[in-house]
Amino acid sequence: MSRGIFTVPKAYNEAIKDYKPGSPERQELKQTIRDLRSKVIDIPMFIGGKEIRTDDKREIFPPHDKNHLLGYYHYGTEDHVHLAINAALEARLSWQALDWDHRASIFLKAADLVSGPYRAKINAASMLGQSKNVFQAEIDAACEMADFFRFNVEYMAHIYNDQPISSKGIWNRVEQRPLEGFIYAITPFNFTSIAGNLPAAPALMGNVVVWKPAETQIYSARVLMEIFREAGLPDGVINMIFVNGPVGGKVMATHPDFVGVHFTGSTEVFKKIWKAIGDNVAIHNTYPKIVGETGGKDFVMVHKSAKAKQVATALARGAFEYQGQKCSAASRAYIPDNLWPEIKEVLVEDVKSFKMGGPEDFRNFINAVIDEKAYEKIASYIDHAKNDPSCKILVGGNYDKSVGYFIEPTVILTTDHQYKSMQEEIFGPVLTIYVYKADKYEETLDILDKTSPYALTGAIFAQDRWAIDTAFYKLVNAAGNFYINDKPTGAVVGQQPFGGARASGTNDKSGSYLNLLRWVSPRTIKENFIPPEDYRYPFMEDE
Ligand code: NAD
């Protein structure tokens, strides 16, 4: 039992290392990549503190080198989902009984592990398993992961500190109870830190979790599990299973003790999950919390007063870093005709200069897309544009899967602002541009607002303050993260709480206290020091 009102260490953003030639971090990382590539590893599920292996072993390859075997993972069934739920429920009471400062210590230690002794390993695993270049791995797997852990501890303390006032003779308190059941965390392939944060945030608040990572992220997920273990997370608090998405989703939605889902992934899958939960509402012991961050069709809107080079750079970075596989990636742009010639020249030149290949060669800016399914989907959008009379491919447009799933960064110019790729999420290195008449700024803002169902991120580029102000109000619901003269990617924990509305999710802002509030159920306590002993009120006395 804790005997003190403790202050947690001040959270800070982990500094990004630059991996310059000759730097010690570069040497260590290169060696770790070589070590990992030289081994074939075996990845079990992790349930109730035990490693679980099955006869169904599946292979893992780097997306950029599909003939190189990295390892195997053990695929589970419906039975393993039940096993994991039971393990979580068994751990629930003891985890909830542990004082909050111990929970804080575990995740603060995890932050120091991921940014310290495990930094090279988690980065190397993300580079090999998810085809991230060193910078993309560093900002995600090492830095953002540590930031989530550290800032969430600070937010937890802030939430616990937020107490009601008390009147004379009374003490009012609010305690933040963990939820009465298990949380199911379903994570995407594209960010190692999101994969870690989705189970960790509810666990930090005292909940027990079943975590189902995306199959294409398992190689780095197992490093996260190692870190949780080394940080001292007790058995059963986070259980990691590798099962088919819909199979796990069905067991989750039909379990009476299911109390919440923490999801990041596509809009299509989230809608199915929401429906399955709704269909089973009569079964659940409590109303489950449904938290989901989903797809995006993120925009860059440019006013005639903007600076062409700044816009071109924001598009080159915002659309193509990590092969456009960021929910926040710029994927549609509206450019005024007065700036278009200059923006086009710089952008096309920049994109042509990108080097593409495996992340083991640090000179490559662009790597492979995650798997064959994604490759085929992205290629089909490029082919569609090649055959559509409203479109022209300005740069890129080729793809090749002979060695890995490589797609050239592609810019489509369209004369149809409602063209398919102005509306739908592609989730790959494809940017579509619509050029509008510079004096049709306000009309174009209206078109932008109505074109796509998503509302995750977006940017306005302008020097003219009135133009910024107009976009600020007209696009009020078009993005949960709105950028002024900056690319729409790269949100930092503690600085730009992240999430969107409309078809982009429940906007519960990961990397802020708002998200943590979803994982608790407050109990209000009123204590009366000297309770009355007579039911009669003074107004009832005789005149
Ligand atoms: P996905 O939707 O294909 O898969 C996400 C997870 O859901 C996987 O673990 C998958 O196995 C599981 N799943 C699939 N069907 C299921 C079902 N019926 N029930 C339960 N689980 C099921 O997404 P992905 O390809 O891994 O990730 C890319 C998507 O994630 C993009 O749409 C992207 O925009 C989105 N994303 C959003 C954010 C955000 O913060 N808004 C961040 C990252 C990624």
Side-chain angles (χ1 to χ4, degrees), residues 58 63 73 75-76 78 81 129-130 140 144 148 184-199 201 210-218 221 240-255 258 261-277 279-280 290-298 322-331 369-375 377-378 424-428 452-457 479-481 488-491 493 496-512 515:
R58 306 208 171 174
Y73 62 96
Y75 204 63
E78 198 173 321
V81 189
Q130 290 138 267
D140 162 26
E144 187 166 80
F148 273 130
Y184 199 76
I186 306 174
T187 59
F189 79 83
N190 66 332
F191 275 89
T192 305
S193 56
I194 296 178
N197 184 48
L198 265 52
V210 175
W211 170 30
K212 195 214 86 63
E215 281 165 43
T216 39
Q217 190 265 325
I218 288 173
M240 180 173 71
I241 54 169
F242 310 140
V243 296
N244 170 272
V247 166
K250 183 168 168 250
V251 177
M252 165 200 87
T254 52
H255 198 290
F258 164 60
V261 60
H262 203 187
F263 175 85
T264 295
S266 64
T267 300
E268 187 196 348
V269 168
F270 189 51
K271 286 188 174 171
K272 285 187 191 156
I273 291 171
W274 196 299
K275 183 169 185 316
I277 296 169
D279 286 346
N280 290 290
I290 308 176
V291 175
E293 296 306 328
T294 60
K297 188 72 207 174
D298 310 298
Y322 192 39
Q323 296 76 262
Q325 300 171 115
K326 297 189 183 189
C327 48
S328 55
S331 60
V369 300
I370 193 71
D371 61 9
E372 186 158 20
K373 194 169 149 223
Y375 173 91
K377 179 183 165 193
I378 300 162
E424 297 169 17
E425 183 183 53
I426 302 175
F427 218 57
S452 175
Y454 300 104
L456 190 53
T457 74
N481 283 56
T489 57
V493 177
Q496 296 97 21
F498 191 78
R502 293 186 184 163
S504 291
T506 53
N507 202 9
D508 286 298
K509 297 291 188 209
S510 57
S512 89
N515 179 279

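Positions are given from 1, in the same order as the sequence printed here. Whatever order the structure lists ligands and atoms in, that order sets their numbers, starting from 1. Keep in mind that what you see is a predicted model, and the values were worked out from it rather than measured.
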Who's the nearest protein heavy-atom neighbour of atom 18 (N) of ligand 1, and how far?
Pro246 CA, 3.5 Å
Nearest non-hydrogen protein atom to atom 32 (O) of ligand 1, with distance, is Glu425 OE1, 2.7 Å
To which protein heavy atom is atom 15 (N) of ligand 1 closest, and what is the distance rounded to 0.1 Å?
Val269 CG1, 3.5 Å
Give the ring-plane orientation class for Tyr73 versus Phe242, where under 30° counts as parallel, over 60° as perpendicular and anything between as tilted.
perpendicular
Contacts of type side chain to side chain contact (heavy atoms under 4.5 Å, CB included), residue Ser512, not counting sequence neighbours
Pro497, Lys509, Leu514
Heavy-atom side-chain contact between Gln217 and Phe191 under 4.5 Å
no
With atom 44 (C) of ligand 1 as the reference point, say which of Asn190, Asn481, Thr187 has the nearest heavy atom.
Asn190
If we only consider heavy atoms of Phe263, is any one of them less than 4.0 Å away from an atom in ligand 1?
yes
Relative to the heavy atoms of Ile186, which atoms of ligand 1 are at a distance of less than 4.0 Å?
6 (C), 7 (O), 9 (O), 12 (C), 20 (C), 21 (N)
Minimum side-chain heavy-atom gap Phe263-Thr294 below 4.5 Å
yes
Where do His262 and Asn197 land on the side-chain hydrogen bond (donor to acceptor under 3.5 Å, both in side chains) test, with the steps shown first?
CA-CA 10 Å; His262 203 187; Asn197 184 48; 5.4 Å; no
Any idea which protein heavy atom is nearest atom 33 (C) of ligand 1, and the distance to it?
Phe427 CE1, 3.3 Å
Checking the side chain of Glu78 only, and the main-chain atoms of Val247 only, is there a donor and an acceptor separated by less than 3.5 Å?
no
Minimum-distance protein heavy atom relative to atom 41 (N) of ligand 1:
Thr294 O, 2.8 Å
Nearest heavy atom to atom 30 (O) of ligand 1, choosing from Gly292, Gly265, Gly480, Pro188, belongs to Gly265
For atom 10 (C) of ligand 1, which of the options Lys297, Glu268, Lys212 provides the nearest non-hydrogen atom?
Lys212
What is the closest protein heavy atom to atom 24 (P) of ligand 1, and at what distance does it sit?
Phe189 CD2, 3.9 Å
Quick check against the 3.5 Å criterion: does Lys212 have a side-chain atom that pairs as donor or acceptor with the backbone of Ile186?
no
Can a side-chain donor-acceptor contact be found between Asp140 and Ser193 if the only test is distance below 3.5 angstrom?
yes
Crowding at NZ, Lys271 (>12 non-hydrogen neighbours, <6.0 Å)
no
Give the numbers and elements of all ligand 1 atoms closer than 4.0 Å to a heavy atom of Phe498.
39 (C), 40 (O)
Beyond-backbone contact of Leu456 with Phe498, side-chain heavy atoms, under 4.5 angstrom
yes
Numbered in order shown, the ligand 1 atoms found under 4.0 Å of a heavy atom of Ala214 are 9 (O)
Given 3.5 Å as the limit, does a donor-acceptor pair link the side chain of Thr506 with the main chain of Gly292, or not?
yes
Within a strict 4.5 Å, meaning less than it, do heavy atoms of the Tyr454 and Asp298 side chains meet?
no
Evaluate the 4.0 Å heavy atom contact test for atom 4 (O) of ligand 1: does a protein atom fall under the cut-off?
no
Looking only at non-hydrogen atoms, which of Ser266, Pro213, Gly500, Gly245 approaches atom 22 (C) of ligand 1 most closely?
Gly245
Starting from atom 36 (N) of ligand 1, which protein heavy atom do you reach first, and at what distance in Å?
Cys327 CB, 3.5 Å
For ligand 1, which atoms have a heavy atom of Ile194 less than 4.0 angstrom away?
42 (C), 43 (C)
Identify, by atom number and element, the atoms of ligand 1 in contact range of Leu456, meaning under 4.0 Å from any of its heavy atoms.
41 (N)
Does Phe191 come within less than 4.0 angstrom of ligand 1, counting non-hydrogen atoms of the residue?
no
Atoms of ligand 1, numbered as shown, that sit under 4.0 Å from any heavy atom of Gly249:
19 (N), 20 (C)
